[in-house]
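Inspection log for the structure reproduced underneath, given as structure tokens.
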Amino acid sequence: MSKQNLKPPRGTRDLYPEDQRFREWLFGHFREVAARFAFEEVDAPIVERASLFMRKAGEEIVDQLYHFELHGRHLALRPEMTPSIARMVMARAGGLRMPLRWFTVTQNWRYERMTRGRKREHYQWNMDIYGEPSVTAEAELIAAVTTLVDRVGLERDHVKIRVNSRSLLEASLRAGVLRDRPEVFEPLCVVIDKIEKIGADKVTDMLVDPAGAVQLDAASARDVVAMLEVKNLEDAVAAAPADSSAGSDLLRLWSLLSAYGIEDRVVFDASVVRGLAYYTGIVFEAFDTRGALRSICGGGRYDRLTETLGGPSIPAAGFGFGDVVIAELLADMNKLPELQHPVDDVVFAFDEAQRAAAIDVATRLRGAGHRVELVLGTPKLKRVITDADRDGVDTLWLVGPDEVERGVVKQRRLATGEESELPLDSFAVEPRG
RNA sequence: GUGGGCGUAGCUCAGUUGGUUAGAGCGCCGGAUUGUGAUUCCGGAGGUCGCGGGUUCGACCCCCGUCGUCCACCCCA
């Protein structure tokens, strides 16, 4: 046997019990929030036809796909969940009661460079609404995000959500600088998505760049960048063309968010456009207010995706919420939960002669829904108690020679040290779970 | 992709200006008389110094490559 590298591949993670406990805790909150909003969970294969992801996104995404040819088929690990959901909706579009609310918690893969908060595999919570054209859908989605933020223990001012409308921007540009070239709207969004990181001057340069995809004149580029710097909803709405509903949609959204009581948790930001090509309307992203981390989640309206995939036109909105950035934020804020190995009862036979009796006790407890650790060897009692205490065990069942001879089992409550003896063959068990 | 930092015990790290048997704290295992949780004390296991080459009488240390990781830039959810 030659030596081999036993580390997990770059950008992937092993999850030890303490890691997995955290993940299950987080996923539990994802699922519970989704349930409270009456979303149903769905799933899809982690391997899809590569074309599902390449169709709209272009070559850069292709480079980030984990993809391979097998028996002449071009397959890929899913980099995001949205196309799979769209595919599933399209397949049953005629029979689904709209609007439908679906959520997923899935592992996604992207072959790309790693930085803080970005790995090659990560889990993502997606919530999607299909068949609802009004911003009541976006409002519900944003409310779900804030509910999750609260549930995991973050403070109200740790996270805020930036909101913009791509259709507002698009309407303004089509009435102006893009009047004759509507097709450059998407590349323009890709450029201005960077404004937070590279600054207004560089974005202006890129918009003007004669070798670039947009090629505006200098004055138009400055106008566009000036539009993005609007941080005030009223100013943005006032600047919107009269023939667009984008302004009134934004106002409606704000009034809905106010009804949810979360108006203070969203900020209008005209520079938020999101990087994905399929967004068409409201877009939003959650960020930590210190500005130290990447976006915590992102989403928006994507009314044309099903059409783009060759299906019927179905309005849709949704978001993806990753497990990596939220974990880093919780760590930074010192809000990581302390999670124990969940054990309710420990059953201990002092000696192998009491093994059968101990197994019987454990089996009856397990039958009543208890999580029971049966001590497998015969360590010292002191050790058993110390370990059980550290795991937060509720009850220790002591099955010794003395007890068995008298037909009893000794029950010790770890929290109080209180002990009592119960009949071995007929003790009552409180149901749990 | 470019530049830089790092990689020594399960974890966090020291260390040797190149020189016999590589260290600490925490953790883990065992013990401090007979069946009860703390503290303390004692003892123990565990490392081919990321991996592979090279230089050297001799490499954990120097050089090259490689893998992993972090940061910045780049790119992008």
Side-chain angles (χ1 to χ4, degrees), chain A residues 2-14 16-19 53 57-65 78-82 108-122 124 126 187 189-199 202 206 272-279 283-287 292-300 319-325 328 346 348-351 354 375 377-405 410-419 421:
Chain A
S2 60
K3 273 176 264 187
Q4 50 178 301
N5 187 346
L6 294 175
K7 294 172 185 168
R10 184 177 177 73
T12 66
R13 300 168 281 180
D14 286 331
Y16 287 88
E18 59 274 22
D19 309 314
F53 306 113
E59 260 188 303
E60 284 186 344
I61 283 283
V62 174
D63 288 341
Q64 294 188 344
L65 273 183
R78 61 184 172 214
E80 56 166 336
M81 205 55 199
T82 306
N108 297 342
W109 294 80
R110 291 197 182 112
Y111 194 84
E112 61 184 338
R113 283 177 221 116
M114 294 168 52
T115 57
R116 186 174 189 203
R118 176 68 62 91
K119 304 194 179 298
R120 287 182 174 174
E121 56 83 16
H122 72 292
Q124 206 174 60
N126 272 252
C189 283
V190 170
V191 171
I192 64 184
D193 185 45
K194 300 179 176 104
I195 195 164
E196 178 90 358
K197 303 211 172 76
I198 65 177
K202 282 193 175 176
M206 289 177 72
V272 172
V273 295
R274 308 300 304 154
L276 292 171
Y278 48 65
Y279 289 122
V283 285
F284 59 89
E285 61 187 24
F287 64 102
L293 302 172
R294 291 170 173 280
S295 297
I296 296 160
C297 81
F319 67 79
F321 189 121
D323 69 324
V324 179
V325 177
E328 294 196 343
V346 167
F348 177 50
F350 285 67
D351 205 299
Q354 293 89 50
V375 177
T378 51
K380 296 200 165 182
L381 176 58
K382 180 177 185 172
R383 178 56 189 271
V384 173
I385 294 177
T386 304
D387 288 351
D389 188 46
R390 192 153 45 188
D391 279 348
V393 168
D394 182 55
T395 306
L396 178 61
W397 300 78
L398 302 173
V399 189
D402 177 54
E403 284 80 8
V404 169
E405 189 171 334
K410 186 180 285 183
Q411 181 194 58
R412 181 182 177 87
R413 302 288 183 184
L414 271 296
T416 61
E418 170 200 354
E419 290 189 346
E421 289 189 343

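First the proteins, then the strands, lettered A, B, ... as listed; each starts at 1.
- Interatomic distance, CZ of A/Arg120 versus CZ of A/Arg110, reported as 13.0 Å (0.5 Å rounding).
- Nucleotides B/rA32 and B/rU17, compared at atom P, are 44 Å apart to the nearest Å.
- Close to B/rC67, at under 4.0 Å from its OP1 or OP2, lies no side-chain N or O of A/Arg10.
- Atom-to-atom, CD of A/Glu328 to C1' of B/rU69 comes out at 14 Å; the value is rounded to the nearest Å.
- Under the 4.5 Å side-chain criterion, counting only non-hydrogen atoms from C-beta, A/Ile296 is in contact with A/Phe321.
- Between the CZ atom in A/Arg10 and the CD atom in A/Glu121 there is a gap of 14.0 Å [rounded to 0.5 Å].
- The shortest heavy-atom contact between A/Val399 and A/Val404 is CG1-CG2, 3.6 Å.
- Rounding to whole angstrom units, CZ of residue A/Arg120 and P of B/rC76 are separated by 17 Å.
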Output one letter per nucleotide in nucleotides 30-43 of chain B: B when a protein non-hydrogen atom lies under 4.0 Å from the base, S when only the sugar-phosphate is that close, - when neither is. SSS--BBBS-----
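- Rounded to whole angstrom, the span from the CG atom of A/Leu293 across to the C1' atom of B/rC70 amounts to 15 Å.
- Note that CZ of A/Arg13 is 6.0 Å distant from NZ of A/Lys119, once rounded to the nearest 0.5 Å.
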Any N/O pairs under 3.5 Å between the protein and nucleotides 44-46 of chain B? List them or say none.
none

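- Atom CD of A/Glu285 is separated from atom P of B/rC76 by 15 Å (rounded to the nearest Å).
- For B/rG50 and B/rG68, the P atoms lie 16 Å apart once the distance is rounded to whole Å.
- Contacts of A/Asp394 classified as side chain to side chain donor-acceptor pair (under 3.5 Å), with partners at least two apart in sequence or in another chain: A/Arg413.
- Separating the CG atom in A/Asn108 from the NE2 atom in A/His122 is a distance of 5.0 Å, to the nearest 0.5 Å.
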Which side-chain N or O atoms in residues 379-387 of chain A pair as donor and acceptor under 3.5 Å with protein atoms at least two apart or in another chain?
unit_1: A/Arg383; atom_1: NE; unit_2: A/Asp387; atom_2: OD1; d: 3.1
unit_1: A/Arg383; atom_1: NE; unit_2: A/Asp387; atom_2: OD2; d: 2.9
unit_1: A/Thr386; atom_1: OG1; unit_2: A/Lys382; atom_2: O; d: 2.8
unit_1: A/Asp387; atom_1: OD1; unit_2: A/Arg390; atom_2: NH2; d: 3.4

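- Residue order along RNA chain B, read from the 5' end via each residue's closest nucleotide, puts A/Lys119 first among A/Gly299 and A/Lys119.
- Here B/rC76 presents its P atom at 16 Å from CD of A/Glu80, a figure rounded to the nearest Å.
- One atom, CD of A/Glu18, and another, C1' of B/rC28, lie 14 Å apart when rounded to the nearest Å.
- The shortest distance between side-chain heavy atoms of A/Trp109 and A/Thr12 falls below 4.5 Å.
- Between the side chain of A/Glu328 and the backbone N or O of A/Val325 there is no donor-acceptor pair closer than 3.5 Å.
- Checked against salt bridge (Lys or Arg N to Asp or Glu O under 4.0 Å), A/Lys410 has the following partners two or more places apart in sequence or in another chain: A/Glu403, A/Glu419.
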Under a cut-off of 3.5 Å for both distances of each Watson-Crick or G-U pair, what dot-bracket string does RNA chain B give, using [ ] for crossing pairs and | for inter-strand pairs? (((((((..((((.....[...)))).(((((.......))))).....(((((..]....))))))))))))....
